[in-house]
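The structure appears right after this line, and notes come after that.
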Amino acid sequence: QLSGVLVALVALTHAQMNDDIRLVPGPLTGRLEIYHDGEWGTVCDDGFSRVTGTVACRQLGYPEASTWTGSFWEGQAGTGTIWLDDVSCDGTEERLAECSSLGWGNHNCGHQEDVQLTCSETATPIDQTYRLVGSHERGRLEVLHDGEWGTICDDGFGTTEAQVVCETLGFEAGIGAYYTA
């Protein structure tokens, strides 16, 4: 019985020191909360993306985020402090607190925008149908068809199409741009 008490004390100390996160009710799905300055608080959905969700899920021990929303469901909106808003991760962070944001306690949202997150227990294979040639974040878009890479004509390719492709590649946003040679 003494060892159970010891484990609880160690877990509490860990959360207080490391800006730990949790999903309420959890364990895979729930309202995203972060511990800071002695209390649990929520995270606003402004700017929240799959990449940011995946950073949070990795911190919780899962490989990636499968869904996220800012609309609370079944009366699960948080109470108390909204700790983070406009959280944006690039995917290299190990902890949500390392991502850019408006800063602790700075927000322009209410609890109706608390992030609801679902983590996946297994990783989804990265889509290998499209690639950007030039750099990781920008370049000529190519598609794999019958085992061969080819370019895509820019006729009718706009912001909507760029958004779909960029999300497929794991980015939170995309802008359509085309150049003729």
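We number each residue from 1, following the sequence as shown.
- Expressed to the nearest 0.5 Å, how far NE2 of His107 lies from CG of Asp46 amounts to 10.5 Å.
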Legend entry - From CA spacing to verdict: side-chain contact (heavy atoms from CB on, under 4.5 Å), Cys99, Val87: CA-CA 6 Å; Cys99 302; Val87 181; 3.9 Å; yes

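- Nearest heavy-atom pair across Ala56 and Leu117 is CB-CD2, 3.8 Å.
- In terms of heavy-atom proximity, Cys57 sits nearest to Ala65 at SG-CA, 3.7 Å.
- Of the inter-residue distances, the one linking Leu32 atom CG with Gln59 atom CD reads 8.5 Å to the nearest 0.5 angstrom.
- Scanning all heavy atoms of the two residues, the minimum distance from Cys109 to Ile82 falls at O-CD1, 3.4 Å.
- Atom CZ of residue Arg22 and atom CG of residue Leu60 lie 11.5 Å apart, to the nearest 0.5 angstrom.
- Note: Thr81 OG1 to Glu33 CD = 10.5 Å, rounded to the nearest 0.5 Å.
- Put simply, the side chain of Leu84 reaches to within 4.5 Å of the side chain of Ile34, judged on heavy atoms.
- Using modelled atom types, no side-chain atom of Ser120 and backbone atom of Ser66 make a donor-acceptor pair closer than 3.5 Å.
- At distances below 3.5 Å, at least one donor-acceptor pair connects side-chain atoms of Thr54 with backbone N or O atoms of Arg50.
- Using a 4.0 Å cut-off between charged nitrogen and carboxylate oxygen, Glu93 and Arg58 do not count as a salt-bridge pair.
- Across Val51 and Asp90, no two heavy atoms sit closer than the pair CG1-C, 3.7 Å.
- With rounding to the nearest 0.5 Å, the separation of CG in Leu23 from CG in Leu28 is 8.0 Å.
- Considering all non-hydrogen atoms of both residues, Val55 and Gly91 come closest at CG2-CA, 4.0 Å.
- Listed here is the closest heavy atom pair of Gly80 and His111: O-NE2, 2.8 Å.
- Under the 4.5 Å side-chain criterion, counting only non-hydrogen atoms from C-beta, Val115 is not in contact with Arg31.
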Inset, instruction - Apply side-chain contact (heavy atoms from CB on, under 4.5 Å) to Thr52 and Leu96, showing your working. - result: CA-CA 8 Å; Thr52 303; Leu96 192 64; 3.8 Å; yes

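- Once rounded to the nearest 0.5 Å, the distance linking CG of Asp85 with CG of Asn106 reads 9.0 Å.
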Legend entry - Evaluation steps, side-chain contact (heavy atoms from CB on, under 4.5 Å), between Asp45 and Asp114: CA-CA 6 Å; Asp45 70 341; Asp114 289 343; over 6 Å; no

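- In this pair, Trp104 and Trp83 present their aromatic rings perpendicular. The plane angle is above 60°, beyond the 30 to 60° band.
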Inset, instruction - Under the side chain to side chain donor-acceptor pair (under 3.5 Å) rule, what do Thr29 and Thr118 come out as? Steps first, then yes or no, please. - result: CA-CA 4 Å; Thr29 299; Thr118 299; 3.2 Å; yes

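- In this structure, the side chain of Glu98 engages the main chain of Glu94 through a donor-acceptor pair within 3.5 Å.
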